[in-house]
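These notes are about the structure you will find just below.
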Amino acid sequence: MLISLITVYINWSDKRKAQTDSWRTPENTLHLLELAGGWAAAYFAQRFFRHKTSKTRYQVTFWFIAVIQNYVALEYLLKWRFSKDVYSFLKTLFE
């Protein structure tokens, strides 16, 4: 919850800085917040503030982070089933 609030605030702050031509928050910082668990809050902040939505490179990285985090969450819920299957398959290949 706290990471989401921080993520929204930083996105809002960066949008405001962009409008006033002030020092900007580095994109790596925004991505780090997304990676730390604030990707959903970042998505809504981007849409609400209309911030970073047209930057293709930024969006590709954002969606990569979102997909990876959702994959890891799903794997955790499924008790790492797919990862175990891949590991078993690779183990048989190299034995």
Side-chain angles (χ1 to χ4, degrees):
M1 175 75 170
L2 180 61
I3 194 68
S4 295
L5 293 173
I6 292 169
T7 301
V8 169
Y9 173 77
I10 297 296
N11 274 276
W12 169 79
S13 174
D14 190 49
K15 174 65 175 190
R16 206 167 128 209
K17 290 173 185 177
Q19 293 169 334
T20 60
D21 207 23
S22 300
W23 176 83
R24 302 284 304 277
T25 304
E27 288 185 356
N28 285 342
T29 302
L30 298 174
H31 288 314
L32 185 61
L33 290 167
E34 297 157 7
L35 193 59
W39 73 268
Y43 173 79
F44 289 110
Q46 288 171 22
R47 298 310 179 260
F48 187 76
F49 302 129
R50 294 186 186 132
H51 186 52
K52 301 281 188 191
T53 55
S54 62
K55 292 191 74 176
T56 304
R57 184 172 177 217
Y58 183 88
Q59 287 297 310
V60 166
T61 305
F62 169 79
W63 284 109
F64 178 76
I65 290 169
V67 166
I68 293 300
Q69 285 205 346
N70 279 285
Y71 168 76
V72 170
L74 182 61
E75 274 290 280
Y76 175 77
L77 291 173
L78 296 175
K79 299 184 184 341
W80 308 103
R81 188 176 124 205
F82 182 71
S83 297
K84 287 178 183 176
D85 290 345
V86 169
Y87 176 74
S88 295
F89 174 73
L90 292 174
K91 190 175 173 184
T92 60
L93 283 178
F94 296 106
E95 286 182 342

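Nothing fancy with the numbering, it's 1 onward along the sequence.
Leu5 and Leu30 sit in two unconnected hydrophobic clusters of ILVMFWY residues. Membership requires side-chain heavy atoms under 4.5 Å apart, directly or through other members. Tyr76 and Val86 fall within the same hydrophobic cluster, where Ile, Leu, Val, Met, Phe, Trp and Tyr residues are linked whenever their side-chain heavy atoms come under 4.5 Å apart, directly or through other members. When hydrophobic clusters are built by joining Ile, Leu, Val, Met, Phe, Trp and Tyr residues whose side-chain heavy atoms come closer than 4.5 Å, directly or via intermediates, Phe64 is not grouped with Leu32. Each of Val60 and Val67 belongs to its own hydrophobic cluster when Ile, Leu, Val, Met, Phe, Trp and Tyr are linked at side-chain heavy-atom distances under 4.5 angstrom. Taken together through direct or relayed side-chain contacts under 4.5 Å among Ile, Leu, Val, Met, Phe, Trp and Tyr, Phe48 and Leu33 form part of one hydrophobic cluster.
Heavy-atom minimum distance, Thr7 versus Gly38: CG2-O, 3.5 Å. Listed here is the closest heavy atom pair of Thr92 and Phe89: OG1-O, 2.6 Å. The two residues Phe62 and His31 have their closest heavy-atom pair at N-CE1, 3.8 Å.
More than 12 heavy-atom neighbours from other residues, nucleotides or ligands sit within 6.0 angstrom of OH on Tyr71. Within 6.0 Å of atom CG in Asp85, more than 12 heavy atoms from other residues, nucleotides or ligands are found, so the atom counts as buried in its surroundings.
Side-chain atoms of Thr53 never come within 3.5 Å of backbone atoms of Arg50 as a donor-acceptor pair (strictly under, hydrogens ignored). Side chain of Ser13 to backbone of Tyr9: no donor-acceptor contact under 3.5 angstrom is found. A distance-only check finds no donor-acceptor pair linking the side chain of Thr29 to the backbone of Thr25 [under 3.5 Å]. Although no hydrogens or angles enter the test, the distance criterion places a donor-acceptor pair under 3.5 Å between the side chain of Gln69 and the main chain of Leu35.
For the salt bridge (charged side-chain N to carboxylate O under 4.0 Å, His left out) condition, the pairs that include at least one residue of residues 2-18, sequence neighbours left out, are Asp14-Arg24.
Its side chain outside the 4.5 Å cluster rule for every partner, Tyr87 clusters with none of the Ile, Leu, Val, Met, Phe, Trp and Tyr residues.
In this structure, Tyr43 has its ring center closer than 6.0 angstrom to the ring center of Trp63.
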Exercise for review: Would you check, one step at a time, whether the test side chain to side chain contact (heavy atoms under 4.5 Å, CB included) holds for Asn70 with Trp39?
Suggested key: CA-CA 10 Å; Asn70 279 285; Trp39 73 268; 3.1 Å; yes

Exercise for review: Could you give me the CA-CA distance, side-chain angles and deciding distance for Lys52 and Glu27, then say whether salt bridge (Lys or Arg N to Asp or Glu O under 4.0 Å) is met?
Suggested key: CA-CA 10 Å; Lys52 301 281 188 191; Glu27 288 185 356; 3.0 Å; yes

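Put simply, the side chain of Val8 reaches to within 4.5 Å of the side chain of Phe49, judged on heavy atoms. Side-chain contact between Val72 and Trp80: present, with at least one pair of heavy atoms (C-beta onward) separated by less than 4.5 Å.
Between Glu95 atom CD and Leu90 atom CG the span is 11.0 Å, to the nearest 0.5 Å. One finds the CD1 atom of Ile3 at 9.5 Å from the CD1 atom of Ile10 (value rounded to the nearest 0.5 Å).
Remark: Ser83 engages Glu75 in a side-chain hydrogen bond (donor to acceptor under 3.5 Å, both in side chains) (not counting sequence neighbours).
Between the side chains of Gln46 and Gln59, at least one donor N or O sits under 3.5 Å from an acceptor N or O.
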